[in-house]
2 protein chains.
Amino acid sequence: MTRSEASAPRSAFDSDCPSRTVLNHVASRWGTLIITCLRGGPQRFYVLRDSIGGISEKMLSQNLRLLATDGLVERRVEPSSPPQVTYALTPLGEELAEHLQSLVDWVTLRTDEILATRARHGVGDS
Amino acid sequence: MTRSEASAPRSAFDSDCPSRTVLNHVASRWGTLIITCLRGGPQRFYVLRDSIGGISEKMLSQNLRLLATDGLVERRVEPSSPPQVTYALTPLGEELAEHLQSLVDWVTLRTDEILATRARHGVGDS
DNA sequence: CCGCATCCATTTTGATACTG
DNA sequence: CAGTATCAAAATGGATGCGG
């Protein structure tokens with residue numbers, strides 16, 4: 001074989017590699033916060049919505065569905081009077097959550113320094 | 001004081017907290033890959049573009065500028081014939097990169113399991 | 001009232017062409 | 001080489017509606 005065509009993309013740096021997709025679900029605007037939020041135990045939909053400032057219900061349910069099909073989050077339906085839907089991390093999700101938590105913690109810890117740098121560079125928000 | 005208005009948002013879960021902004025720069029579609037990519041040492045613009053499959057020049061320069069104003073990435077200009085611009089992690093960026101690397105590593109490691117789960121749920125890509 | 005689907009205005013992203 | 005300008009496509013969020 002000539003080895004001319006890379007056969008299977010192997011890392012998240014390849015746009016066609018499955019791990020790229022997973023990374024996009026997880027390292028996304030809301031993914032990190034949703035998963036981190038679920039570390040405290042199973043949460044109701046509206047609790048998540050209220051915990052994660054600025055998220056829309058649409059994005060929340062969209063991301064939850066995505067994470068559910070990835071096997072990172074489990075959706076439980078309690079058929080009670082006002083129907084209760086609860087979301088929880090799977091074992092796989094718990095594992096991931098630890099990594100994300102350390103990321104969020106680091107960001108929280110260093111934000112002041114970063115802010116100071118940003119002031120020096122001339123404030124650009126976004 | 002009546003405490004009626006939350007004075008200062010304190011975590012990334014508040015949409016107005018500065019750490020939310022930082023998290024968005026870092027835990028974004030491209031931020032994670034760019035920073036991880038820079039772990040190998042300073043890189044030229046076109047190297048980054050070619051290393052990170054699927055990124056557009058626009059998104060690359062936009063994200064690099066953002067990360068630079070955050071003090072995570074440094075932009076160096078060599079005034080040579082064809083002007084050379086190099087990007088490198090700052091010490092702060094290096095610190096962050098370790099966290100992101102462990103995240104990327106985990107995703108790479110677990111992608112097969114996640115794929116299997118997704119098959120069970122009925123494939124939904126995106 | 002809770003969870004979510006749908007429609008539409010706004011924002012973000014990407015492909016390509018173009019400049020110093 | 002290292003970007004910026006331009007325009008089209010997609011993601012996002014808000015409002016709204018609806019079944020349970």
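We use all heavy atoms of the structure for the numbers below, so side chains are in, but hydrogens, waters and symmetry mates are not. These numbers come from a predicted model, not from an experiment.
Remark: B/E78 CD is loosely packed, at most 12 non-hydrogen atoms of other residues, nucleotides or ligands lying under 6.0 Å away.
For B/Y87, a side-chain nitrogen or oxygen approaches OP1 or OP2 of D/dG3 to under 4.0 Å.
Note on residues 87-108 of chain B: pairs passing salt bridge (Lys or Arg N to Asp or Glu O under 4.0 Å), not counting sequence neighbours, are A/R110-B/E95. Listed by first then second residue, pairs satisfying salt bridge (Lys or Arg N to Asp or Glu O under 4.0 Å) with a partner in residues 35-49 of chain A read A/R49-A/E57, not counting sequence neighbours.
With A/R20 as the fixed residue, the side-chain contact (heavy atoms from CB on, under 4.5 Å) test singles out one of A/D16, A/V22, A/N24: A/N24.
Residues A/N63 and A/V73 form no side-chain contact, since every pair of their non-hydrogen atoms from C-beta on lies 4.5 Å or further apart.
A/H25 places its NE2 atom 13 Å from the C1' atom of D/dA11, with the value rounded to the nearest Å. Protein atom CD of A/Q62 is 9 Å distant from nucleotide atom C1' of D/dT12, rounded to whole Å. Rounded to whole Å, the distance from CH2 on B/W30 to P on D/dA10 is 15 Å. When the P atom of D/dG3 is taken as reference, atom CZ of B/R65 falls 9 Å away, rounded to whole Å.
The backbone N or O of B/L72 sits less than 3.5 Å from a side-chain atom of B/T90, completing a donor-acceptor pair.
Using a 4.0 Å cutoff to heavy atoms of chain A, the contacted part of DNA chain C runs 5' to 3' from C/dC2 to C/dC7.
For residues 38-59 of chain A, proximity to DNA chain D is found at A/S56, A/K58, A/M59, defined as any non-hydrogen atom under 4.0 angstrom from a strand atom.
Under the side-chain contact (heavy atoms from CB on, under 4.5 Å) criterion, A/P42 pairs with A/R76, A/T86, A/A88, sequence neighbours left out.
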Do any side-chain atoms of residues 29-36 of chain A form donor-acceptor pairs under 3.5 angstrom with protein atoms, and if so which ones, sequence neighbours left out?
from, atom 1, to, atom 2, distance (Å)
A/T32, OG1, A/V26, O, 3.1
A/T36, OG1, A/T32, O, 2.6

